[in-house]
Structures are given as C-alpha cells and as structure tokens.
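Remarks on the structure that follows.
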Amino acid sequence: MRPLWRCRACGAEWPCQPARLALLVEYRADRTALLVYLGTLMQEAGDQLAQLNGQARPDGLTDRFLGWARARGRDAASTEGGADEASSARPEIVRTEGETS
C-alpha cells in the first residue's frame, strides 16, 4: 500500500517476510538485479514516506529494503564467486632457494 509502504495482505512494513520470500524466488538467478530493484523502490519509499512525515526520511530504510537481500556467509562466497572460487584460481607462489618474503 503506497504511500505507506505496507503490505496489502498482512499490513506489515513492506517488504514483509512473504514478500521477501517471493522476491528471492523471483530473482533467484540474479541477486544483483534484485538489489537494483529494491534500491529503486527504497528511494521511492523514502521520498513518499518523507512527504507523509513532514520531510523527514525514516531511519532504517537501507536495512528494511536491502539488508535482508544481500548474500551472506558461505552461500555468498559460492553464489557470487567468492572465497572458494577465488582461492582456487590464484596462482601458486614459488620461492627459490634463499628467497625471503
């Protein structure tokens, strides 16, 4: 429900848990596109909520719109070409006799 940015189904702040799950499913193959989409909506929500609140942008919009959608932990590394792939792609350093680091 705009401009309040609440879920029509449950009344919670959008994106609520069911909306988050639906977005993750919809954008499962492209996390970057999901973050761009949510960033655009966050800007729109900030503008609309600021008008309702007398020009004061609400705190916590970044966490509300983007914080939950960022990949985390081990899944982030494997999904986004993180540490596991990067470490296996690094060339080995070969030291010759008498060489120090």
Side-chain angles (χ1 to χ4, degrees):
M1 295 183 312
R2 295 180 191 187
L4 298 175
W5 288 87
R6 296 213 166 256
C7 176
R8 280 182 241 142
C10 68
E13 289 183 336
W14 194 92
C16 59
Q17 195 61 36
R20 292 174 180 187
L21 181 59
L23 287 164
L24 286 172
V25 169
E26 182 178 348
Y27 286 91
R28 71 180 158 264
D30 194 352
R31 184 65 58 106
T32 302
L34 172 60
L35 291 169
V36 169
Y37 175 66
L38 289 171
T40 302
L41 293 179
M42 180 183 73
Q43 181 64 38
E44 185 178 336
D47 293 344
Q48 290 177 358
L49 291 169
Q51 287 179 343
L52 291 175
N53 296 329
Q55 304 303 320
R57 289 179 79 84
D59 293 331
L61 285 181
T62 300
D63 287 338
R64 178 176 163 184
F65 279 82
L66 300 173
W68 64 271
R70 293 185 190 126
R72 292 182 177 93
R74 187 167 176 85
D75 292 336
S78 62
T79 303
E80 297 178 3
D84 292 341
E85 291 177 17
S87 63
S88 64
R90 286 187 208 139
E92 288 187 38
I93 298 173
V94 178
R95 298 183 195 273
T96 60
E97 191 174 317
E99 183 178 329
T100 61
S101 42

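Since this is a predicted model, take the numbers as computed values, not measurements.
Smallest separation of non-hydrogen atoms from Pro58 and Ala50: CD-N, 4.4 Å. Of all heavy-atom pairs between Cys7 and Cys10, the closest is SG-N, 3.5 Å.
Taking 4.5 Å as the limit, some side-chain heavy atom of Trp68 sits within range of a side-chain heavy atom of Leu24. Here the side chains of Leu41 and Arg2 are in contact, with some heavy-atom distance below 4.5 Å. The shortest distance between side-chain heavy atoms of Met42 and Thr62 falls below 4.5 Å.
Checking side-chain atoms of Arg6 against main-chain N and O of Met1 turns up no donor-acceptor pair under 3.5 Å. Remark: the backbone N or O of Ala69 is paired with a side-chain donor or acceptor of Arg31 at under 3.5 angstrom. Remark: side-chain polar atoms of Arg64 are paired, donor with acceptor, to backbone N or O of Trp14 under 3.5 angstrom.
No more than 12 heavy atoms of other residues, nucleotides or ligands shown are found within 6.0 angstrom of CG on Asp59.
Taking CD of Glu26 as the start and CG of Leu34 as the end, the distance is 8.5 Å to the nearest 0.5 Å. The CZ atom of Phe65 lies 9.0 Å from the CD atom of Glu44; values are rounded to the nearest 0.5 Å. The line from CG of Leu23 to CG of Leu38 is 6.0 Å long, rounded to the nearest 0.5 Å. Separating the CZ atom in Arg70 from the CG atom in Asp63 is a distance of 7.5 Å, to the nearest 0.5 Å.
Side-chain polar atoms of Asp47 and Gln51 form no donor-acceptor pair below 3.5 angstrom. At a cut-off of 3.5 Å, with distance as the only test, no side-chain donor of Glu13 or Trp5 sits close to an acceptor on the other residue.
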### Task
Please assess Thr40 against Gln43 for the test side-chain contact (heavy atoms from CB on, under 4.5 Å), listing each intermediate value before the final yes or no.
CA-CA 5 Å; Thr40 302; Gln43 181 64 38; 6.0 Å; no
